[in-house]
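Below: the structure, in structure tokens.
These numbers come from the heavy atoms of this one structure, side chains and all, not from hydrogens, waters or symmetry mates.
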Amino acid sequence: MVGQELHCLQTGSAQLSLDHLQVRADVAIVFDYDALWMAQIQPQGADYNGLELCFRMYGALRRLGLDVDIVGPNADLGHYRLIVLPAMLQVSARLEAQLSASSAQIVLGPRTGSKTIDFQIPPNLPPGPLANLAGITVLRVGSLMPGLFESVMLEGQRLGATRWREELSFQNATAEAVFADGGVAISRNKLVRYVATWLDATGWYEVMRRAAMDAGLTVMNLPATLRVSRIGDLTVALNFSDAPVTWRPADEAQSLVGGPVLPPRGVAIWRGIAAAS
């Protein structure tokens with residue numbers, strides 16, 4: 001089946017040269033095994049899981065229809081428009097320099113910069129090397145009891161928080177979202193957002209949506225089981241569920257494989273306009 005579809009793309013009306021198609025993501029998730037191991041050694045809470053946090057932020061970005069590169073802390077971040085650090089407990093001098101020089105939107109997850117390479121608390125407190133960039137200092141952290149949920153208000157929208165919470169002191173940042181008791185859940189300093197808690201799925205989606213829109217990226221609200229990727233001028237949609245899903249990009253797009261009704265585990269490919277906002 002896949003062979004037939006590839007043959008059709010190359011020899012049919014599409015006449016595609018598949019060898020020259022490229023994927024260029026505008027979003028990067030910075031992932032570091034050392035930082036992940038730090039979180040595993042000292043989770044500071046039975047249900048804090050750094051790898052799960054990475055997946056939750058990745059899932060929110062993909063739900064928005066964004067292509068995402070997962071890169072190491074020494075990668076060149078120069079061309080990305082949105083950079084996300086889900087669980088970067090230890091921030092190197094090289095990474096700090098790149099982020100400080102970047103014009104991208106940046107999202108920092110809870111516990112970012114909370115450890116030195118020697119597994120100590122930074123002398124200036126978290127987020128350590130990124131304190132000036134984020135415009136905040138983390139004064140106190142705490143894990144929340146399993147099953148305890150706190151409300152977070154983001155411009156009239158109620159989100160949920162669980163597992164983790166931090167208390168922030170502001171230098172240059174402002175509050176973008178607050179807890180019910182007035183504590184800051186999300187801070188904003190120019191291009192940088194710092195998330196001081198473990199948000200629910202809606203919360204991560206909203207944070208990533210706002211950051212992506214501020215970066216000038218086109219975002220979507222995809223069905224929960226559908227994901228799209230762009231390869232050259234192609235938009236590839238994949239249905240990961242056991243039920244049909246209806247979706248299509250903008251009307252101007254040309255259908256090459258499949259159509260707007262994707263069967264269970266099905267795929268559809270369009271050429272032209274990548275996606276509708």
Side-chain angles (χ1 to χ4, degrees), residues 1-29 31 52 54-71 79-84 86 104-105 107 157 159 199-277:
M1 185 66 167
V2 174
Q4 292 176 353
E5 292 171 344
L6 291 174
H7 180 74
C8 178
L9 289 173
Q10 295 179 88
T11 62
S13 60
Q15 293 290 315
L16 293 178
S17 178
L18 301 181
D19 294 336
H20 296 91
L21 293 178
Q22 295 183 350
V23 177
R24 181 180 175 86
D26 290 315
V27 183
I29 283 182
F31 182 88
E52 180 186 350
C54 293
F55 273 111
R56 287 184 179 272
M57 294 197 193
Y58 174 80
L61 291 164
R62 296 293 288 128
R63 179 80 182 272
L64 289 162
L66 299 170
D67 291 302
V68 182
D69 285 343
I70 298 177
V71 302
H79 72 275
Y80 293 107
R81 296 163 66 181
L82 172 57
I83 303 170
V84 180
Q105 291 289 318
V107 177
Q157 183 176 7
L159 311 173
L199 295 170
D200 59 11
T202 302
W204 289 123
Y205 176 88
E206 188 61 25
V207 169
M208 298 305 165
R209 186 186 71 84
R210 288 169 174 266
M213 292 184 67
D214 288 342
L217 301 176
T218 299
V219 299
M220 295 174 278
N221 183 14
L222 294 176
T225 62
L226 187 79
R227 295 293 179 264
V228 301
S229 294
R230 290 155 210 65
I231 307 174
D233 66 343
L234 303 182
T235 296
V236 181
L238 301 103
N239 176 15
F240 288 93
S241 75
D242 294 324
V245 172
T246 300
W247 181 87
R248 66 162 299 140
D251 292 338
E252 294 86 348
Q254 175 191 5
S255 176
L256 301 180
V257 172
V261 180
L262 284 78
R265 313 294 175 182
V267 62
I269 302 175
W270 285 269
R271 179 167 65 181
I273 304 299
S277 300

Counterpart residues, side chain to side chain contact (heavy atoms under 4.5 Å, CB included), relative to [X] (two or more places apart):
| X | answer |
| --- | --- |
| Pro263 | none |
| Ser255 | Trp270 |
| Asp67 | Ala25, Arg62, Ser229, Arg230 |

Give the minimum heavy-atom separation between [X] and [Y], together with the two atoms involved.
| X | Y | answer |
| --- | --- | --- |
| Leu64 | Arg209 | CD1-N, 3.5 Å |
| Pro244 | Val261 | CB-CG1, 4.3 Å |
| Ala212 | Leu66 | CB-CD1, 3.8 Å |
| Ala28 | Val71 | CB-CG2, 4.2 Å |
| Met220 | Tyr205 | O-OH, 3.3 Å |
| Pro249 | Ala253 | CG-CB, 3.8 Å |

Please identify each residue that fulfils salt bridge (charged side-chain N to carboxylate O under 4.0 Å, His left out) with Arg227, with sequence neighbours left out.
none

Applying salt bridge (charged side-chain N to carboxylate O under 4.0 Å, His left out), name anything that partners Arg56, two or more places apart in sequence or on another chain.
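So Arg56 forms a salt bridge (charged side-chain N to carboxylate O under 4.0 Å, His left out) with Glu52.
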
Does Gly216 offer a backbone N or O that forms a donor-acceptor pair with the side chain of Arg81 under 3.5 Å?
yes

Does any N or O in the side chain of Arg271 come within less than 3.5 Å of the main-chain N or O of Gln254, such that one atom is a donor and the other an acceptor?
no

Partner residues of Phe31 under the ring-ring contact (aromatic ring centres under 6.0 Å, His included) criterion, sequence neighbours left out
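Residues passing ring-ring contact (aromatic ring centres under 6.0 Å, His included) with Phe31: Tyr33.
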
So, do Val236 and Val267 sit near enough that their side-chain heavy atoms are less than 4.5 Å apart?
yes

Quick one: does Ile269's side chain get under 4.5 Å of Thr235's, heavy atoms only?
no

Does the side chain to side chain contact (heavy atoms under 4.5 Å, CB included) test come out yes or no for Leu234 and Leu256, once each step is laid out?
CA-CA 9 Å; Leu234 303 182; Leu256 301 180; 3.7 Å; yes

Report the residue from Val68, Val107, Val219 that forms a side chain to side chain contact (heavy atoms under 4.5 Å, CB included) with Met208.
Val107

